[in-house]
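Take a look at the structure set out below.
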Number of protein chains: 2
Amino acid sequence: MTAKAETEAPAREIWGLLLELSMSRMRRRFLHTITDLGLSFPQAHALKVLRPGHPIAMRELADGLHCDPSNITGIVDRLGDRGLVERGSAPGDRRVKTLMLTEEGAALRMRLLDRLSEPPPGLGKLPVDEQRQLRDLLRRALLDD
Amino acid sequence: MTAKAETEAPAREIWGLLLELSMSRMRRRFLHTITDLGLSFPQAHALKVLRPGHPIAMRELADGLHCDPSNITGIVDRLGDRGLVERGSAPGDRRVKTLMLTEEGAALRMRLLDRLSEPPPGLGKLPVDEQRQLRDLLRRALLDD
DNA sequence: CTCCGATACTTGAGGCCCTCAACGTCCTGA
DNA sequence: TCAGGACGTTGAGGGCCTCAAGTATCGGAG
């Protein structure tokens with residue numbers, strides 16, 4: 001591949017940092033936030049995918065969550081029991097059921113997104129020009145996957 | 001792509017990138033790797049924590065996995081059924097049970113770590129000096145949390 | 001030494017999620 | 001028309017989670 005004999009390209013170190021970050025710290029933070037709102041991981045993910053005013057089919061949600069359609073039934077059932085989403089029928093194809101957020105669902109979704117998008121304090125302490133640098137490097141490193 | 005990056009500190013954008021990365025792409029990659037080895041998320045985490053030749057107590061493993069001790073029983077049971085770990089007794093305190101990797105466990109752990117530490121191709125395409133920059137920025141941004 | 005509050009691990013109930021296989025219903029193209 | 005897809009659902013089997021309760025064991029106060 002490339003010459004990494006002496007300097008050992010730092011890609012592995014970066015990857016190690018990101019891995020530890022993703023699978024431990026961010027994961028805990030994320031789980032803390034959603035359980036605070038009474039949501040499970042797939043439920044929170046579903047709430048993120050379901051945009052207010054944009055009903056989608058169960059199948060589309062399954063694709064968005066990268067899981068088997070049979071899981072969606074239960075997940076949507078539980079969200080429905082809490083009055084967060086409603087099942088409807090799609091015009092033109094009686095096989096598909098559409099999912100739409102209720103008022104409550106949209107409100108909870110907003111609270112969820114607000115909380116999730118709050119960056120940790122460490123990032124803010126970095127000088128703004130370095131923040132820009134970091135942002136651009138991240139984009140370039142991860143965009144083409 | 002919106003041009004609000006001038007007024008709003010880019011910290012939120014960075015956080016957005018990291019969040020999407022952690023909770024979707026890296027997560028899928030991670031899960032694919034471990035299910036390939038027949039491991040669940042907690043099992044893989046446990047295998048990472050259990051270093052060969054360094055037996056630890058169940059309680060310590062529970063702390064390492066940030067979960068309730070009652071979960072550890074089942075997780076270790078299943079790892080034990082596969083011959084990956086062994087329960088022993090701690091000298092000096094008959095309450096605690098020590099956990100130690102078997103040969104097979106150590107081998108699987110090595111395969112796991114090898115696979116996980118392999119960075120995605122995108123990172124390698126970045127020039128090495130920019131890799132170093134990214135590494136350093138990540139460290140400084142995330143170290144003090 | 002005795003007793004009693006911690007500590008280590010286990011068990012069980014109640015839930016959520018996952019995979020996979022098997023349906024019933026509903027399209028759709030030859 | 002009719003066979004093969006596609007959509008959503010159900011059920012079995014399994015793993016993990018939380019919380020509460022139970023069994024040993026430890027260790028310090030009296």
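Between the CD1 atom of B/I75 and the P atom of C/dT11 there is a distance of 14 Å, given to the nearest Å. Taking atom CZ on B/R82 and atom P on D/dG14, their separation rounds to 15 Å, with Å as the unit. The distance from atom CG of B/D68 to atom C1' of C/dA13 is 14 Å, rounded to the nearest whole Å.
Proximity note for B/R59 (side chain, C-beta onward) versus C/dT19, C/dA8, C/dC18: the nearest is C/dA8. Of the candidates D/dC26, D/dC7, C/dT11, the closest approach to any side-chain atom of A/V96 belongs to D/dC7. Checking D/dG15, C/dG12, C/dC18 against the side-chain heavy atoms of A/N71 singles out C/dC18 as nearest. The side chain of A/R87 approaches D/dT9 more closely than any other nucleotide in the set D/dT9, C/dT10, D/dC16. With distances taken from any side-chain atom of A/P69 to the nucleotides C/dC27, D/dT9, C/dT10, the minimum falls on D/dT9. For B/P42, counting side-chain heavy atoms from C-beta on, the closest listed nucleotide (C/dC9, C/dC18, D/dC17) is D/dC17. Which of C/dC26, C/dC9, D/dT9 sits closest to the side chain of A/R95 comes down to C/dC26.
Checking A/Q43 against B/K97, the closest nucleotide of DNA chain C that is more toward the 5' end is the one next to B/K97. Checking B/L65 against A/M58, the closest nucleotide of DNA chain D that is more toward the 5' end is the one next to A/M58. Nearer the 5' end of DNA chain C, as judged by each residue's closest nucleotide, is the contact made by B/T73, out of A/R78 and B/T73.
Contact check, B/S40 against D/dG15: no side-chain N or O comes under 4.0 Å of OP1 or OP2. Listed pair B/R94 / C/dC9 fails the phosphate criterion, with no side-chain N or O lying under 4.0 Å from OP1 or OP2.
Heavy-atom minimum distance, B/P10 versus A/R132: CG-CG, 3.5 Å. Residues B/L47 and B/L101 come closest through the heavy atom pair CD1-CD2, 4.0 Å.
A distance of 7.0 Å separates CG of B/L123 from CG of B/L134, quoted to the nearest 0.5 Å.
Within the 4.0 angstrom heavy-atom criterion, base atoms lie near A/S70. Among the atoms of the strands shown, none is found under 4.0 Å from any heavy atom of A/I72.
The existence of a salt bridge linking A/R82 and A/E104 is excluded, since no basic side-chain nitrogen approaches an acidic carboxylate oxygen closer than 4.0 Å. Using a cutoff of 4.0 Å between basic side-chain nitrogens and carboxylate oxygens, B/D136 and B/R140 are not scored as salt-bridged.
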